[in-house]
Protein chains: 2
Amino acid sequence: MIIFTAKFILPLEMLKEERQRTILNEVELHNRVLLTDIAEKLDVSIDTVRRDVKELDTENRLRKVHGGAVSLGFSNYSPARNNVYALDEKIAIAEKALSLLKPESVILIDGGTTCLELARLLPPHIKLTCFTLSLPVAMELLTKPNIDTIFIGGQLSKDAQITMGANTIHNLSEIKVDYSFIGTGYVDAAFGLTEFDWDIVQTKKAVIKASKKTILLCISEKLNSQHRFKTCDLNAIDTLITELEANHTLLANFKSQEIQLL
Amino acid sequence: MIIFTAKFILPLEMLKEERQRTILNEVELHNRVLLTDIAEKLDVSIDTVRRDVKELDTENRLRKVHGGAVSLGFSNYSPARNNVYALDEKIAIAEKALSLLKPESVILIDGGTTCLELARLLPPHIKLTCFTLSLPVAMELLTKPNIDTIFIGGQLSKDAQITMGANTIHNLSEIKVDYSFIGTGYVDAAFGLTEFDWDIVQTKKAVIKASKKTILLCISEKLNSQHRFKTCDLNAIDTLITELEANHTLLANFKSQEIQLL
DNA sequence: CTACATTTTGCTGTTTTTTGCTTTTTTATG
DNA sequence: CATAAAAAAGCAAAAAACAGCAAAATGTAG
């Protein structure tokens with residue numbers, strides 16, 4: 001494609017102010033800009049744009065990066081803070097899950113941040129017998145006075161901080177819980193639950209087998225994604241809890257199945 | 001003046017920041033990613049992804065592993081040990097215990113603050129297979145790259161933060177380790193090791209039975225004290241480690257026995 | 001209106017960063 | 001120990017940033 005640019009046809013001389021305003025707008029709209037794009041769009045040299053962006057950077061109105069600029073909120077993170085990804089969504093899911101809990105029942109809580117959130121939010125008065133294979137979940141459950149915690153032994157995975165492997169699977173084969181709350185790496189209406197890791201899949205299979213009912217906790221962002229190893233089909237799951245309303249568009253694919261949406 | 005500008009079909013350029021943000025999202029969403037997957041998804045070379053992940057790793061925003069990256073997740077657990085009683089003594093004991101460790105051996109580490117200190121001080125390079133029934137010890141062992149950790153399952157005690165009970169004892173009956181490092185509530189040259197709690201005694205008995213050699217870690221303050229339930233006689237112990245010199249007066253009673261003092 | 005200082009802008013190298021490629025080394029795994 | 005995959009190291013091309021300079025625009029004062 002060839003663009004003909006007649007420079008003198010543009011009589012509107014832009015003030016520096018206006019230019020910078022435009023750049024800021026662009027950044028706030030798209031979270032990022034390329035210097036070259038701006039230069040072309042405003043028909044000024046790349047150097048001018050660079051100088052503008054540099055100024056805006058020193059004024060802390062955006063952050064200049066190699067090749068462009070990004071909005072300040074874009075890369076904001078606090079390393080010290082307890083930064084769980086999508087924490088609000090996970091809390092919403094955990095709260096829905098809580099409504100399923102019947103006192104005196106025997107449940108199993110899987111690893112992962114969503115399940116950990118469920119463990120955190122368990123009310124102190126509720127009486128439960130709770131199995132888990134996640135170290136952080138177990139730590140959390142110890143703080144609940146009325147929960148009897150049983151840890152499923154086995155080889156510990158440094159990444160997932162859960163026990164897995166043959167011994168764990170064998171131990172799981174000897175129990176049967178009323179409900180298990182599990183997470184998954186990926187879920188798809190057609191392909192079911194999948195994982196990145198083969199060992200995790202084996203463990204999750206054993207968990208599902210050890211459960212009368214299985215409840216999947218899953219933020220909507222994971223819906224319609226898949227990976228290498230398959231845990232189970234979707235119909236092995238009894239209830240799917242996301243942070244969305246049950247009739248949300250994104251859940252349409254999952255609605256037809258014999259699965260309870262929450 | 002007329003300017004002819006030949007505009008190329010840009011392959012939608014991505015800023016480095018955007019790429020890294022995408023990688024972080026993926027990691028936080030699924031807990032782990034493959035470098036190759038990311039490279040394909042973002043349509044950049046594997047080297048670029050590797051460099052990005054390396055940067056993010058040094059910034060402590062994820063952990064780089066062979067072939068991919070994993071989320072830091074909840075691994076930033078550091079149980080405060082500000083208020084550990086007699087910490088210096090316990091560190092001294094743990095350091096002596098370290099000298100007993102042979103690479104590639106299979107050991108068991110009990111619960112209690114002294115044993116936890118031993119776990120903390122394990123050097124990162126040493127290769128060990130390590131059993132434990134203590135939640136805090138297990139958490140600590142997860143941070144050691146070359147230690148294979150196996151958690152002995154069972155019912156969790158809220159006080160001691162270890163598994164115990166029939167299931168734990170049964171699980172212990174099926175293993176045999178080279179060394180076990182145990183603590184005790186009370187120890188006396190004549191009465192042996194005793195505890196306040198009956199269940200703990202049963203568990204410790206099972207631990208000793210599962211060990212070729214048993215090493216008792218014990219601060220001198222506990223010497224010559226006793227309580228209600230008996231774990232074992234002193235001669236069931238192979239090595240006694242205190243913070244004292246082996247020829248200290250307080251250890252006189254223990255010297256006569258067929259027990260190694262350290 | 002002119003003379004002159006100041007700011008802005010675009011242009012010219014030069015330097016730095018980024019990125020993909022190749023080769024070598026290391027690591028994982030059977 | 002052999003094989004394959006991944007990481008590391010080094011290199012070169014391309015893009016971007018930078019520094020300096022000069023033309024143009026703007027402002028100011030006489």
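A note on names: the letters A, B, ... follow the listed sequences, proteins ahead of strands, and every chain is numbered from 1.
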Exercise. Would you check, one step at a time, whether the test side-chain hydrogen bond (donor to acceptor under 3.5 Å, both in side chains) holds for E243(A) with S220(A)?
Key: CA-CA 7 Å; E243(A) 82 280 12; S220(A) 63; 2.6 Å; yes
Rounded to whole angstrom units, what separation is found between the [atom1] atom of [X] and the [atom2] atom of [N]?
| X | N | atom1 | atom2 | answer |
| --- | --- | --- | --- | --- |
| L15(B) | dT17(C) | CG | P | 17 Å |
| E55(B) | dT19(C) | CD | P | 9 Å |
| K127(B) | dA28(C) | NZ | C1' | 11 Å |
| M14(B) | dG20(C) | CE | C1' | 18 Å |
| L34(A) | dT17(C) | CG | P | 20 Å |
| W198(A) | dA28(C) | CH2 | C1' | 17 Å |

Exercise. Sequence neighbours left out, what pairs pass side chain to side chain donor-acceptor pair (under 3.5 Å) with at least one residue falling in residues 144-153 of chain B?
Key: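 The answer is Q155(A)-D148(B).
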Quiz item: When you check the gap from the basic side-chain N to the acidic O, do R120(B) and E140(B) get nearer than 4.0 Å?
Solution: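 Salt bridge flag = yes for E140(B) with R120(B).
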Quiz prompt | Electrostatic pair R32(B)-D159(A), nearest N-O below 4.0 angstrom | solution =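 Between D159(A) and R32(B) there is a salt bridge, with a charged N closer than 4.0 Å to a carboxylate O.
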Quiz item: For every nucleotide of nucleotides 7-24 of chain D, 5' to 3': is a protein heavy atom under 4.0 Å from its base (B), only from its sugar-phosphate (S), or from neither (-)?
Solution: B-B------SB-------
Quiz item: Any side-chain N or O of R19(B) less than 4.0 Å from the OP1 or OP2 oxygen of dT19(C)?
Solution: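 Checking dT19(C) against R19(B), a side-chain N or O does come within under 4.0 Å of OP1 or OP2.
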Quiz item: Does a nitrogen or oxygen in the side chain of S45(A) sit under 4.0 Å from OP1 or OP2 of dT9(C)?
Solution: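 For dT9(C), OP1/OP2 do not have a side-chain N/O of S45(A) under 4.0 Å.
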Quiz prompt | N235(A): side chain to side chain contact (heavy atoms under 4.5 Å, CB included) partners, not counting sequence neighbours | solution =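 Once residues adjacent in sequence are excluded, the partners of N235(A) under the side chain to side chain contact (heavy atoms under 4.5 Å, CB included) criterion are D233(A), E258(A).
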Quiz item: Strictly by modelled atom types, are K90(A) and T113(A) linked by a side-chain donor-acceptor pair under 3.5 Å?
Solution: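 On atom types as modelled, these side chains qualify, holding a pair under 3.5 Å.
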